[in-house]
Amino acid sequence: MGKRVALVLAGCGVFDGSEIHEASAALVHLSRGGAEVKIFAPNIEQRDVVNHLKGEPTSEKRNVLVESARLARGNIQDLSELKASEFDAVVFPGGFGVAKNLCSWAVDGKNCTVNEHVSSTLQAFHSAKKPIGLCCISPVLAAKVFPGCEVTVGQEKNVDGRFPDAETASAITELGCKHVCKNVNESHVDKANKIVTTCAFMCKAPLHEIFDGIGTMVQEVLKLA
């Protein structure tokens, strides 16, 4: 019987929601691994709405759950309805929506607050010793909720211009967590906390390398489940 995995989204679109390629990659790898997936998102207003053609904010108001439904092909539930007891693992794709909607990292950095349903979901899976998979900027959620945990967001220096957001690693360290340097096609497993992370689009890399890195994260999550 396949593992039951909850996938948590933060909207639809890299600049104000979930990164679409990361969400799709996670779903493909979960499907390949035989997992039964259900998708969730918080029923809240987005922090902002970005015109992805111009890269500029607009005056629109959008709902995270409604926008996430685009990625879920309509088959989605309010995050408040997620029960950790019904799943073997949880996975969070990245995208600026994680740092804007699921928490306030985009504005407050290491001093951010985490959405109550996101925090309670993470704590429920952690308490039940069930694995948590996070990619791109999503590892900051674990760093904030689980002081002392180990995560990766790639490298700690902007190696060859491939890691423009390398300062995120320093912020994670300042939270009392351990940052582990990994390449884009790798993931890190914090065995003690059952947290699996990979950098994805925190690295400027070809899409297939990002896809493969997310694959290693998913594989490790399913092994732990």
Side-chain angles (χ1 to χ4, degrees), residues 10 13-26 29 47-48 50 52 55 91-114 118 122 126 131-221 224:
V14 59
F15 298 127
D16 57 14
S18 288
E19 211 298 319
I20 295 171
H21 297 295
E22 292 177 9
S24 179
H29 287 295
R47 177 174 288 273
D48 62 16
V50 176
H52 281 59
V91 170
F92 288 76
F96 277 102
V98 171
K100 293 178 176 181
N101 304 325
L102 303 192
C103 71
S104 63
W105 187 277
V107 176
D108 302 319
K110 67 180 187 296
N111 297 316
C112 72
T113 56
V114 179
V118 173
L122 289 167
H126 186 261
I132 299 167
L134 306 135
C135 66
C136 193
I137 192 65
S138 291
V140 301
L141 297 173
K144 188 67 181 181
V145 176
F146 307 118
C149 71
E150 299 177 1
V151 299
T152 187
V153 288
Q155 298 293 321
E156 295 172 358
K157 294 182 179 179
N158 190 8
V159 183
D160 299 326
R162 280 162 51 90
F163 294 89
D165 301 305
E167 69 276 2
T168 303
S170 298
I172 286 170
T173 302
E174 289 175 22
L175 283 171
C177 298
K178 180 180 180 181
H179 180 266
V180 181
C181 291
K182 291 287 183 177
N183 291 320
V184 67
N185 59 346
E186 300 176 313
S187 57
H188 176 69
V189 181
D190 177 347
K191 294 181 180 178
N193 291 294
K194 290 194 172 183
I195 296 171
V196 188
T197 50
T198 189
C199 68
F201 276 104
M202 294 293 277
C203 176
K204 288 187 174 180
L207 182 58
H208 71 277
E209 292 184 13
I210 292 164
F211 183 91
D212 291 346
I214 293 172
T216 67
M217 181 267 285
V218 168
Q219 288 167 16
E220 294 296 340
V221 165
L224 290 171

Of the non-hydrogen atoms in [X] and [Y], which two are nearest, and what is the gap between them?
X	Y	result
Cys136	Gly94	CB-CA, 3.8 Å
Ala26	Val91	CB-CG1, 4.4 Å
Ile20	Gly13	CG1-N, 4.0 Å
Leu134	Pro139	CB-N, 3.9 Å
Ser138	Pro93	OG-O, 2.7 Å
Phe163	Asn158	N-OD1, 2.8 Å

Using 4.0 Å as the upper bound for N to carboxylate O, is an ion pair formed by Asp48 and Lys100?
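Asp48 and Lys100: salt-bridged.
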
Using modelled atom types and a 3.5 Å cut-off, is there a donor and acceptor pairing between side-chain atoms of [X] and backbone atoms of [Y]?
X	Y	answer
Glu22	Glu19	no
Glu186	Gly213	no
Asn101	Ala10	yes
Thr152	Gly154	yes
His29	Thr216	no
Lys144	Lys110	yes
Asn193	Cys149	no
Ser104	Cys112	no

For the atom pair [atom1] ([X]) and [atom2] ([Y]), what is the distance rounded to the nearest 0.5 Å?
X	Y	atom1	atom2	result
Phe146	Leu175	CZ	CG	13.5 Å
Asp212	Asn183	CG	CG	12.5 Å
Ile137	Cys199	CD1	SG	11.5 Å
Cys103	Leu141	SG	CG	5.0 Å
Phe92	Thr197	CZ	OG1	13.5 Å
Ile132	Met217	CD1	CE	12.0 Å

Are the side chains of [Y] and [X] in contact, using a 4.5 Å heavy-atom criterion?
X	Y	answer
Thr168	Met202	yes
Thr113	Trp105	no
Val151	Ile172	yes
Val196	Leu224	yes

Could you give me the CA-CA distance, side-chain angles and deciding distance for Arg47 and Val107, then say whether side-chain contact (heavy atoms from CB on, under 4.5 Å) is met?
CA-CA 10 Å; Arg47 177 174 288 273; Val107 176; 3.6 Å; yes

Heavy-atom count check: over 12 atoms from other residues, nucleotides or ligands less than 6.0 Å from Phe96 CZ?
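For Phe96, atom CZ is not crowded (no more than 12 foreign heavy atoms under 6.0 Å).
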
Evaluation steps, side-chain contact (heavy atoms from CB on, under 4.5 Å), between Phe201 and Val14:
CA-CA 10 Å; Phe201 276 104; Val14 59; over 6 Å; no

Can you tell me if Thr198 and Ser187 form a side-chain donor-acceptor pair at under 3.5 Å?
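Result is no, nothing qualifies.
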
Under the criterion side-chain hydrogen bond (donor to acceptor under 3.5 Å, both in side chains), which of Glu156, His188, Glu150 is the partner of His179?
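When Glu156, His188, Glu150 are each tested with His179, the side-chain hydrogen bond (donor to acceptor under 3.5 Å, both in side chains) holds only for Glu156.
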
